[in-house]
Amino acid sequence: MPKKNPANKKPRWKLLHQYYSYTGFYSFVGKSLLKAALPIILFVAALLAVHFFVIDINTILVYVTENFPPIGVFAVFFASESFLGLIPPEMFIAWSGKSEHPVVFLSILATLSYLGGVISYFVGRGIASIPSVFVYLEVKMEKHIKNMRKWGGFLIVVGALLPLPFSISSIAAGIIKFPFPSFLLFGLLRFVRFAIYGVAIFNALN
């Protein structure tokens with residue numbers, strides 16, 4: 001029986017690239033970014049409209065900083081990041097840039113976002129243990145669950161880094177019982193996103 005030539009064996013990264021190409025991972029990321037781009041564009045347009053025609057955005061941020069305790073703002077952000085990520089994190093990043101300790105506040109926001117993803121993961125695990133709820137959400141989140149089963153860690157990376165709901169990816173990871181240590185590892189990229197966005201938004205506000 002002829003032996004296989006090791007030289008003809010494709011490197012692992014090429015095999016992974018082929019797999020993600022065949023299963024539509026790259027097209028999924030592209031389409032998701034396009035979908036995410038519209039709300040972001042509308043959000044930025046609304047901010048610019050308010051900034052130029054109503055009131056300076058910096059004035060609003062300073063007002064919030066001076067009149068609302070940080071613990072309250074952090075609590076609202078943590079709740080949002082734990083349950084579907086309803087409020088854009090960029091608003092809170094901009095707020096942190098006007099605080100007395102912007103880097104510290106940004107670090108707290110990044111940590112809360114990461115922990116919010118952990119909570120979402122365990123929400124997914126809890127859902128998986130309740131048959132009636134699981135069946136209902138399996139239909140509602142069919143696409144996310146299917147994609148998580150196909151792409152696993154890479155989908156968590158996408159949710160952590162890109163302007164997509166990290167909470168949704170985390171819930172789907174919990175539902176399929178994705179290994180928790182690996183989830184924690186991939187989720188650390190959430191800190192990278194906040195660092196990049198922080199630099200961009202801080203510079204834009206100055």
Side-chain angles (χ1 to χ4, degrees), residues 25 28-29 32-33 35-36 39-40 69-97 99 101-201:
F25 176 74
F28 166 78
V29 172
S32 297
L33 284 175
K35 287 181 181 178
I40 291 174
I71 189 68
V73 179
F74 287 137
V76 171
F77 175 72
F78 183 57
S80 173
E81 291 293 279
S82 301
F83 301 100
L84 304 182
L86 299 176
I87 307 176
E90 291 76 17
M91 290 180 59
F92 296 92
I93 294 174
W95 163 79
S96 69
S99 66
H101 309 286
V103 175
V104 174
F105 277 32
L106 180 65
S107 301
I108 293 173
L109 289 175
T111 302
L112 291 176
S113 180
Y114 179 71
L115 294 177
V118 172
I119 287 179
S120 295
Y121 174 89
F122 282 107
V123 167
R125 289 294 294 264
I127 288 169
S129 66
I130 306 173
S132 58
V133 178
F134 174 72
V135 170
Y136 173 76
L137 284 182
E138 193 175 29
V139 175
K140 290 292 183 181
M141 296 181 62
E142 179 183 6
K143 185 177 179 180
H144 293 286
I145 295 171
K146 182 180 177 181
N147 289 339
M148 183 59 66
R149 288 195 172 110
K150 282 194 296 185
W151 304 319
F154 274 88
L155 196 60
I156 297 170
V157 168
V158 168
L161 280 177
L162 301 181
L164 304 171
F166 182 49
S167 179
I168 296 292
S169 298
S170 301
I171 291 174
I175 287 176
I176 70 164
K177 297 182 179 179
F178 186 83
F180 186 56
S182 298
F183 171 80
L184 291 177
L185 180 63
F186 292 130
L188 288 173
L189 289 170
R190 197 68 175 160
F191 290 91
V192 176
R193 182 191 173 186
F194 272 74
I196 294 172
Y197 275 56
V199 171
I201 291 176

Asks: I'd like to check V199 versus I196 (side-chain heavy atoms, cut-off strictly below 4.5 Å). Are they in contact?
Replies: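 They are not in side-chain contact.
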Asks: Starting at CD1 of I119, measure out to CD1 of I171 and round the result to the nearest 0.5 Å.
Replies: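 That separation rounds to 11.0 Å.
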Asks: To the nearest 0.5 Å, how far apart are CD1 in I145 and CD1 in I127?
Replies: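 Spacing of CD1 (I145) from CD1 (I127) equals 8.5 Å.
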Asks: If you define the side chain from C-beta out and look only at heavy atoms, does anything of M148 sit under 4.5 Å from I156?
Replies: yes
Asks: What's the spacing between Y197 OH and L109 CG if we round to 0.5 Å?
Replies: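 Reported value, rounded in 0.5 Å steps: 14.5 Å.
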Asks: Could you give the distance from CD1 (I176) to NZ (K150), rounded to the nearest 0.5 Å?
Replies: 12.5 Å
Asks: So, taking the atom named CZ in F166 and the one named CZ in R193, what distance separates them when rounded to the nearest 0.5 Å?
Replies: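 It comes to 10.5 Å.
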Asks: Do side-chain atoms of S82 reach the backbone of A79 as a donor and acceptor pair under 3.5 angstrom?
Replies: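 Flag not set: sc S82 to bb A79 has no pair under 3.5 Å.
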Asks: F180 vs F183 aromatic rings, parallel, tilted or perpendicular, using cut-offs 30° and 60°?
Replies: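 Rings of F180 and F183: parallel, under 30°.
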Asks: Name all residues meeting the side chain to side chain contact (heavy atoms under 4.5 Å, CB included) criterion together with L189; count only those two or more places apart in sequence or in a different chain, and write none if there are none.
Replies: V157, A160, L161, V192
Asks: Between A110 and F191, what is the shortest heavy-atom contact and its length?
Replies: CB-CD2, 3.6 Å
Asks: Kindly state whether the ring of F105 and the ring of W95 have centres lying under 6.0 angstrom apart.
Replies: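 For F105 and W95, the ring centres are under 6.0 Å apart.
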Asks: Of all the heavy-atom pairs spanning L184 and V118, show the shortest one and how long it is.
Replies: CD2-CG2, 3.8 Å
Asks: Which residue is it: I201, L106, V73, V103? I am looking for the one with a side-chain contact (heavy atoms from CB on, under 4.5 Å) to S96.
Replies: L106
Asks: Among residues at least two apart in sequence or on other chains, which ones pass side chain to side chain contact (heavy atoms under 4.5 Å, CB included) with V158?
Replies: F25, V29, L162, L164
Asks: Which residues pass the side chain to side chain donor-acceptor pair (under 3.5 Å) test with S169, not counting sequence neighbours?
Replies: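 Testing S169 for side chain to side chain donor-acceptor pair (under 3.5 Å), a comparison that skips the adjacent residues, returns none.
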Asks: Can you confirm whether the side chains of S120 and S170 place a donor and an acceptor under 3.5 Å from each other?
Replies: no
Asks: Does anything in residues 102-115 form a side-chain hydrogen bond (donor to acceptor under 3.5 Å, both in side chains)? List the pairs, not counting sequence neighbours.
Replies: E81-S113, S113-R190
Asks: Looking at residues at least two apart in the chain, or sitting in another chain, which of them share a ring pair (Phe, Tyr, Trp, His ring centres under 6.0 Å) with F83?
Replies: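 Partners of F83 under the ring pair (Phe, Tyr, Trp, His ring centres under 6.0 Å) test: none.
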Asks: Give me the ring orientation class for F186 and F178: parallel if the planes are under 30° apart, tilted from 30 to 60°, perpendicular past 60°.
Replies: tilted
Asks: What residues form a side chain to side chain contact (heavy atoms under 4.5 Å, CB included) with I108, not counting sequence neighbours?
Replies: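 By the side chain to side chain contact (heavy atoms under 4.5 Å, CB included) rule, I108 matches F74, V104, L112.
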